[in-house]
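Every heavy atom of this structure was used, including side-chain atoms; hydrogens, water molecules and symmetry mates were not. By convention in this document, chain letters (A, B, ...) are assigned in the order of the sequence lines, proteins followed by strands, and residues within each chain are numbered from 1.
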2 protein chains.
Amino acid sequence: MKTYKISEAVVKRLPIYLRFLNELAFADIQTVSSKELGDKLDLNPAQIRKDLAHFGDFGKKGIGYDVGYLIEQIRHILKLDTPINVALIGAGNLGHALSNYNMYHRDSMRIVAVFDQVPEKVGQMINNLEILPTAQLIQKVRELKIRVGIITVPAIEAQNVANQLVEAGIEAILNFAPIIIKVPVKVRVHHADFTTELHSLAYYLD
Amino acid sequence: MKTYKISEAVVKRLPIYLRFLNELAFADIQTVSSKELGDKLDLNPAQIRKDLAHFGDFGKKGIGYDVGYLIEQIRHILKLDTPINVALIGAGNLGHALSNYNMYHRDSMRIVAVFDQVPEKVGQMINNLEILPTAQLIQKVRELKIRVGIITVPAIEAQNVANQLVEAGIEAILNFAPIIIKVPVKVRVHHADFTTELHSLAYYLD
DNA sequence: AGGCTTTTGTGTTTTCTTTCACATGAGATT
DNA sequence: AATCTCATGTGAAAGAAAACACAAAAGCCT
């Protein structure tokens, strides 16, 4: 187990390993090698071994990795073995799509509150959660000890929502709005903007 | 103008520049420097200059970049100055969210066909497009000269859909399903999976 | 029991990406 | 016209990430 800083690239791959390992576990496969992982995930086996070796010696020479054990370890590394409350701000189609996430994945990150500014939406149910007015955002985030916010509001509102989340003491934000939001360095922001993904795809057309 | 291979990292930033430049143009701002861009987009100014310099000398010393001209150039680099037909496969909440994209952005990538496997959904309208049965996928992709596919079906169906897209002669795929899909090397695939984004965020919580 | 095969963990090398730092040129100012 | 200020484009340096290659260990086979 090393203590130096783990690179962002490594951290982004861990959930990909985890997802595939869960598939293997579901199929009752006990063991997997870095080569098999690499083949399935389009990654170099040495890279996978090095990624994992940052956190401990999880494998067995000549055998590979025990699927169940590795799942347990990665879940722990990613802090997915303790409950994390998540807020969703913006109950549009994208918000609805993300809220379904709760139903499919029994892992520890759970959307526990949904907010929207539009009065007509407030009070409606979305996956067993009542949509709350954004005015209650700060209060509820504190009350429910919400640590992560998912922003799915229009770009024009995104920075304002982010400011409120920060004020409420949020630790991390996943932003889907097509704008770079500014937050204090202590708050971690990931941008998930599909329009930029789509536009960069166009570059590779003949 | 250089002719060597442009790195993926550069291509991923171009749409981010473009988006912000469009904001500037909308606000009638004529000129922008790499420093201003860097401040707004959280990037190093030298990196922005180098990114752009790969494609030509777009700036003026002492002045910066002409916003309108730079928009034009980046749109051309990304091939966003010619129409590109896009298919959306999967008319769930996420599919609906992405289809709205057509309404907001008057750029050249347009969703021209939506497919779903579920019989109840077929025939319904989604943003002025009739949902077609997935059985018609290959035929319609060819007929409408669709070059890009967006996959928003469940993971279990994603590879099958990808295979059909490839068979129909698609050039690029944006995959939202939580699985790594396999396609021939000539087909470009970008994975846009929000669950892995969310899980990697958890790592950075205290 | 000894050799064979497999696959890990990692030191080393290579490749890729970012950042620095500065000469150059464009316009503004006096 | 000379000087000043600003911001580009880029060579060089630094830093980060990926890939190579191999010793070491674990189980299997004869």
Side-chain angles (χ1 to χ4, degrees), chain A residues 1-17 20-21 24 29-71 73-74 77 180 200 203-204, chain B residues 1-17 20-21 24 29-71 73-74 77 180 200 203-204:
Chain A
M1 165 78 105
K2 319 292 161 38
T3 50
Y4 52 81
K5 188 166 177 302
I6 302 297
S7 94
E8 211 161 314
V10 174
V11 175
K12 287 237 170 172
R13 280 191 294 270
L14 293 178
I16 297 171
Y17 303 154
F20 182 63
L21 289 165
L24 293 178
I29 291 163
Q30 309 292 320
T31 300
V32 68
S33 70
S34 62
K35 177 164 189 323
E36 292 169 300
L37 284 169
D39 287 348
K40 289 291 184 181
L41 303 176
D42 289 340
L43 295 167
N44 182 298
Q47 181 172 60
I48 295 174
R49 293 198 298 277
K50 241 191 185 141
D51 283 356
L52 297 174
H54 283 120
F55 303 99
D57 290 3
F58 303 139
K60 274 199 172 51
K61 292 186 165 125
I63 305 294
Y65 299 89
D66 180 274
V67 172
Y69 179 66
L70 194 52
I71 287 173
Q73 292 301 313
I74 295 179
I77 294 162
I180 306 292
S200 68
Y203 177 83
Y204 297 99
Chain B
M1 165 78 105
K2 317 292 160 39
T3 49
Y4 53 79
K5 189 166 177 302
I6 302 296
S7 94
E8 212 162 313
V10 174
V11 175
K12 287 237 170 172
R13 281 191 294 269
L14 293 178
I16 297 170
Y17 302 154
F20 181 63
L21 289 165
L24 293 178
I29 291 165
Q30 309 292 319
T31 299
V32 68
S33 69
S34 61
K35 177 165 188 324
E36 292 169 299
L37 284 169
D39 287 348
K40 290 290 183 180
L41 303 177
D42 289 340
L43 295 168
N44 181 298
Q47 182 172 59
I48 295 174
R49 293 199 296 278
K50 230 175 198 161
D51 284 354
L52 297 174
H54 284 120
F55 303 98
D57 290 4
F58 302 139
K60 274 198 174 51
K61 292 188 164 102
I63 305 295
Y65 300 89
D66 181 273
V67 171
Y69 179 67
L70 193 51
I71 287 174
Q73 292 301 314
I74 295 180
I77 294 162
I180 306 293
S200 68
Y203 177 83
Y204 297 99

*With sequence neighbours excluded, residues passing salt bridge (charged side-chain N to carboxylate O under 4.0 Å, His left out) with A/Lys35*: A/Asp39
*Write down the distance between NE2 (A/His54) and P (D/dA16), rounded to a whole number of angstrom.*
12 Å
_Can you measure A/Lys35 atom NZ to C/dG9 atom P for me and round it to whole angstrom units?_
17 Å
*asked:* Nearest whole Å is fine: how far is D/dA7 C1' from B/Phe58 CZ?
replied: 17 Å
*Nucleic acid footprint by protein, nucleotides 20-30 of chain D - heavy-atom cut-off 4.0 Å, B for base, S for sugar-phosphate alone*: BB--BBSS---
*Please, which pairs that meet salt bridge (charged side-chain N to carboxylate O under 4.0 Å, His left out) have at least one residue in residues 42-51 of chain B, sequence neighbours excluded?*
A/Lys182-B/Asp42, B/Arg13-B/Asp51
*Nearest listed nucleotide, side chain of A/Tyr65, among C/dT8, D/dG9, D/dA17*: C/dT8
*Could you state the CD-P distance from A/Glu8 to C/dT17, rounded to the nearest angstrom?*
15 Å
*Measure the distance from CZ on B/Phe55 to P on D/dT10 and round it to the nearest whole Å.*
13 Å
*Can you tell me the distance, in whole Å, between the CG atom of A/Leu52 and the C1' atom of D/dA18?*
15 Å
*In whole angstroms, how far is the P atom of D/dA16 from the CD atom of B/Gln47?*
14 Å
*Could you go step by step and tell me if A/Ile6 and B/Tyr203 meet the side chain to side chain contact (heavy atoms under 4.5 Å, CB included) rule?*
CA-CA 10 Å; A/Ile6 302 297; B/Tyr203 177 83; 3.4 Å; yes
*Using atom CD1 of A/Ile48 as one end and atom P of D/dA18 as the other, report the distance to the nearest whole Å.*
12 Å
_Closest to side chain of B/Ser33, choosing from D/dA18, D/dT8, D/dG9_ = D/dT8
*Could you tell me the separation between the OH atom of B/Tyr17 and the CG atom of B/Leu37, rounded to the nearest 0.5 Å?*
8.0 Å
List the atom pairs, donor and acceptor, that lie under 3.5 Å between side-chain atoms in residues 59-68 of chain A and the rest of the protein, sequence neighbours left out.
{"unit_1": "A/Asp66", "atom_1": "OD1", "unit_2": "A/Gly68", "atom_2": "N", "d": "3.2"}
{"unit_1": "A/Asp66", "atom_1": "OD1", "unit_2": "A/Tyr69", "atom_2": "N", "d": "2.9"}

*Residues in side-chain hydrogen bond (donor to acceptor under 3.5 Å, both in side chains) contact with A/Gln47, at least two apart in sequence or another chain*: none
_B/Gln30: side-chain contact (heavy atoms from CB on, under 4.5 Å) partners, not counting sequence neighbours_ = none
*Would you say a side-chain N or O of B/Ser7 is under 4.0 Å from OP1 or OP2 of C/dT17?*
yes
